[in-house]
*Asks:* 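Sharing a structure with you now.
Just so we're on the same page: letters track the sequence lines, and every chain starts at 1.
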Number of protein chains: 2
Amino acid sequence: MKPGVGSAVILVVDDEPQIHRFLRPALEAAGYGVERADNGREGLRLSAARAPDLVLLDLGLPDLDGQKVLQQIRAFSKVPVIVLSARDRDAEKIAALDAGADDYVEKPFSVGELLARIRTALRHVRARDAAPERLEAGELCVDLAARRVTLSGQALQLSPREYALLALLASNVDRVLTHRQLLTAVWGPAHEEDVQYLRVYVGQLRQKLGAIGPSLIQTEPGVGYRLVLPET
Amino acid sequence: MKPGVGSAVILVVDDEPQIHRFLRPALEAAGYGVERADNGREGLRLSAARAPDLVLLDLGLPDLDGQKVLQQIRAFSKVPVIVLSARDRDAEKIAALDAGADDYVEKPFSVGELLARIRTALRHVRARDAAPERLEAGELCVDLAARRVTLSGQALQLSPREYALLALLASNVDRVLTHRQLLTAVWGPAHEEDVQYLRVYVGQLRQKLGAIGPSLIQTEPGVGYRLVLPET
DNA sequence: CGGCGCCTTTACGCCACCTTTACGGCCCCT
DNA sequence: AGGGGCCGTAAAGGTGGCGTAAAGGCGCCG
């Protein structure tokens with residue numbers, strides 16, 4: 001999840017169905033979205049494809065060693081990873097933490113503690129990505145706190161979706177947000193395929209932003225969009 | 001500790017002398033500097049005065065509740081705090097983590113695990129202060145995080161495949177990537193034989209990179225390609 | 001009950017990108 | 001000298017993505 005919008009998506013990688021049956025309701029009750037992977041390969045694939053905000057990783061997987069999965073995730077992503085494991089050997093913990101895990105929780109664990117550790121891990125990410133809540137670029141000013149956008153002094157009329165989209169882009173200036181990221185954040189996971197929404201709404205935003213619109217919101221073909229600040 | 005400079009200083013806040021006698025040598029052997037506080041007030045004072053890189057905080061202190069100490073530290077500092085406690089009640093852990101603790105370790109603990117968790121906490125700080133993931137070579141700058149490539153200041157227009165190819169080469173500077181590696185990573189395993197794709201796209205990249213292009217991306221005949229950084 | 005805005009969906013033209021084919025040069029080996 | 005890989009360049013065709021317009025449905029408010 002990028003700062004400022006919606007809640008987080010958590011990927012659970014575990015081969016035991018009862019863990020999924022147990023964790024999914026708990027996580028969803030806490031307001032998180034949940035993705036499921038039943039083995040290491042699936043976990044790796046979803047880590048890349050869905051870009052979850054946090055990964056809960058079991059060490060004892062049938063196909064790939066959990067340690068290997070962690071290494072490979074770290075090869076391309078800094079997503080927080082909390083290792084769940086029944087193994088309580090010190091060496092195991094130390095190896096996992098040094099391989100890039102952000103925390104290590106022994107099974108059996110209490111849900112409350114796990115949720116607290118998830119909050120802690122997500123807090124770290126937000127501290128790292130912390131964005132100012134007001135952002136100006138020439139004539140344009142996006143005030144996340146006041147939920148207001150002004151262009152050359154006067155307020156812009158934006159529909160809820162238009163604002164959500166612009167706010168998300170503004171919280172990640174200069175960074176590309178993928179179609180999937182934008183769609184899940186603004187329209188929800190159910191519409192993560194509806195790229196046409198983005199075309200329509202980006203078009204509307206560009207139009208409302210006036211002459212500078214097309215240059216402010218840039219298209220990364222096949223990937224997503226980014227908002228840039230023209231150096232004025 | 002500031003990024004890239006020396007080693008870290010750790011403040012140990014605990015009222016039991018044997019904990020200090022036990023931890024100080026272990027921490028110093030691991031290369032850390034150690035500050036000692038025997039109660040909550042002293043811990044707060046030293047947190048402010050010495051600006052340690054990490055705090056190990058016992059919850060059971062004689063004068064101030066550890067929870068209070070944590071809150072007050074968080075009022076002025078984001079220093080990582082690892083709570084040590086003999087109390088293993090869930091509510092205690094959750095309260096400490098939500099109050100801003102970065103980790104919670106139950107006594108008795110293993111030194112190895114504690115050191116690993118210290119490394120993890122320090123890694124988080126460094127990640128927060130780290131420079132964006134980018135790679136510069138003379139006029140060329142490849143920014144993996146922003147997904148942007150600039151040449152002498154201005155952004156290059158790259159198609160998705162062009163960018164994927166260049167990014168892969170850039171994250172393996174000076175190393176040869178085989179035809180097969182490049183093809184499977186960019187085009188997928190189904191096209192691992194289509195070496196001609198590489199010829200076409202490497203050609204396009206060299207052209208877009210301008211005069212330095214041909215020297216930047218080197219051909220290893222019969223093997224693959226590598227990206228080199230000219231020493232400027 | 002009527003109007004209005006917002007969301008969603010469909011349609012369509014355009015352009016860029018991908019893929020493929022063709023050709024010429026270079027090097028090495030015979 | 002000749003030939004065969006391998007490499008690089010150019011160009012063409014198809015296609016899929018992108019942007020734009022517009023219409024229908026729905027809810028909200030007057």
Side-chain angles (χ1 to χ4, degrees), chain A residues 6 147 149 155-169 176-227, chain B residues 147 149 155-169 176-228:
Chain A
R147 201 186 181 284
V149 180
L156 271 191
Q157 290 285 17
L158 295 183
S159 83
R161 312 255 169 184
E162 288 169 356
Y163 176 80
L165 186 58
L166 181 58
L168 191 57
L169 287 167
V176 177
L177 297 181
T178 66
H179 297 144
R180 187 176 298 268
Q181 285 176 318
L182 294 167
L183 286 165
T184 57
V186 176
W187 279 270
H191 294 87
E192 65 177 17
E193 308 278 321
D194 294 325
V195 188
Q196 178 64 10
Y197 286 3
L198 288 178
R199 302 203 185 98
V200 174
Y201 277 83
V202 167
Q204 291 172 3
L205 279 177
R206 282 178 176 151
Q207 195 174 348
K208 292 191 176 182
L209 292 177
I212 55 174
S215 63
L216 268 181
I217 305 183
Q218 296 183 345
T219 305
E220 290 290 327
V223 181
Y225 296 89
R226 84 167 80 206
L227 188 142
Chain B
R147 198 186 183 282
V149 180
L156 273 192
Q157 291 282 17
L158 295 183
S159 84
R161 313 255 174 192
E162 288 168 355
Y163 175 81
L165 186 57
L166 181 58
L168 192 56
L169 288 168
V176 178
L177 296 180
T178 66
H179 297 145
R180 184 176 300 264
Q181 284 176 317
L182 293 166
L183 286 165
T184 57
V186 176
W187 279 270
H191 294 87
E192 66 177 14
E193 308 280 320
D194 294 325
V195 189
Q196 176 63 10
Y197 286 3
L198 287 178
R199 303 205 182 94
V200 174
Y201 277 84
V202 166
Q204 290 172 3
L205 279 178
R206 283 177 174 150
Q207 193 175 347
K208 291 192 177 182
L209 292 177
I212 55 175
S215 63
L216 269 181
I217 305 182
Q218 296 183 346
T219 305
E220 291 291 327
V223 181
Y225 296 88
R226 84 169 73 195
L227 188 141
V228 300

*Asks:* From CG of A:Leu165 over to P of C:dC6, roughly how many Å is that when rounded to an integer?
*Replies:*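 After rounding, the reported distance stands at 15 Å.
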*Asks:* Scan A:His191 against the nucleic acid and name what it touches under 4.0 Å (heavy atoms): base, sugar-phosphate only, or nothing.
*Replies:*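 Nothing: the residue A:His191, judged by heavy atoms under 4.0 Å, touches no strand.
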*Asks:* Can you check the A:Tyr163 OH to C:dC6 P distance for me, whole Å?
*Replies:*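 One finds 16 Å between P of C:dC6 and OH of A:Tyr163, rounded.
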*Asks:* Just compare C:dC18, C:dT8, D:dC18 and give me whichever is closest to any side-chain atom of B:Ser159.
*Replies:*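 Nearest listed nucleotide: C:dC18.
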*Asks:* Taking only side-chain nitrogens and oxygens of A:Tyr225, does any of them come within less than 4.0 Å of OP1 or OP2 of D:dG19?
*Replies:*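 Checking A:Tyr225 against D:dG19: at least one side-chain N or O falls below 4.0 Å of OP1 or OP2.
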*Asks:* Report which part of the nucleic acid A:Gln196 touches: base, sugar-phosphate, or nothing (heavy-atom distance under 4.0 Å, all strands).
*Replies:*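 Contact class for A:Gln196: base.
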*Asks:* Could you check whether the rings of B:Trp187 and B:Tyr201 sit parallel, tilted or perpendicular, using 30° and 60° as the cut-offs?
*Replies:*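 Perpendicular: the ring planes of B:Trp187 and B:Tyr201 meet at over 60°.
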*Asks:* With a 4.0 Å cutoff (strictly under), does any side-chain N or O of B:Trp187 reach OP1 or OP2 of C:dC18?
*Replies:*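 Checking B:Trp187 against C:dC18: no side-chain N or O falls below 4.0 Å of OP1 or OP2.
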*Asks:* NA contact type, A:Val200, heavy-atom cut-off 4.0 Å: base, sugar-phosphate, or nothing?
*Replies:*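 Base, at least one base heavy atom under 4.0 Å.
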*Asks:* Could you check whether any side-chain heavy atom of A:Leu166 comes within less than 4.5 Å of a side-chain heavy atom of A:Leu227, counting everything from C-beta outward?
*Replies:*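 With C-beta onward as the side chain, the pair touches.
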*Asks:* How many Å lie between OH on A:Tyr197 and C1' on C:dC6, as a whole number?
*Replies:*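 The answer, rounded to whole Å, is 12 Å.
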*Asks:* Distance check: side-chain N/O of A:Arg199 vs OP1/OP2 of D:dG17, anything under 4.0 Å?
*Replies:*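 No, because none of the side-chain N or O atoms of A:Arg199 sits under 4.0 Å from OP1 or OP2 of D:dG17.
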*Asks:* What is the distance, rounded to the nearest whole Å, between atom CZ of B:Arg161 and atom P of C:dT20?
*Replies:*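 Checked: the CZ to P distance equals 11 Å.
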*Asks:* So, OP1 or OP2 of D:dC6: does either fall under 4.0 Å of a side-chain N or O from B:Thr219?
*Replies:*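 It does not, given that no N or O in the side chain of B:Thr219 lies less than 4.0 Å from OP1 or OP2 of D:dC6.
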*Asks:* With a 4.0 Å limit, can you tell me whether A:Tyr201 has a side-chain N or O closer than that to the phosphate oxygens OP1/OP2 of C:dC6?
*Replies:*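 A:Tyr201 to C:dC6 OP1/OP2: no side-chain N or O under 4.0 Å.
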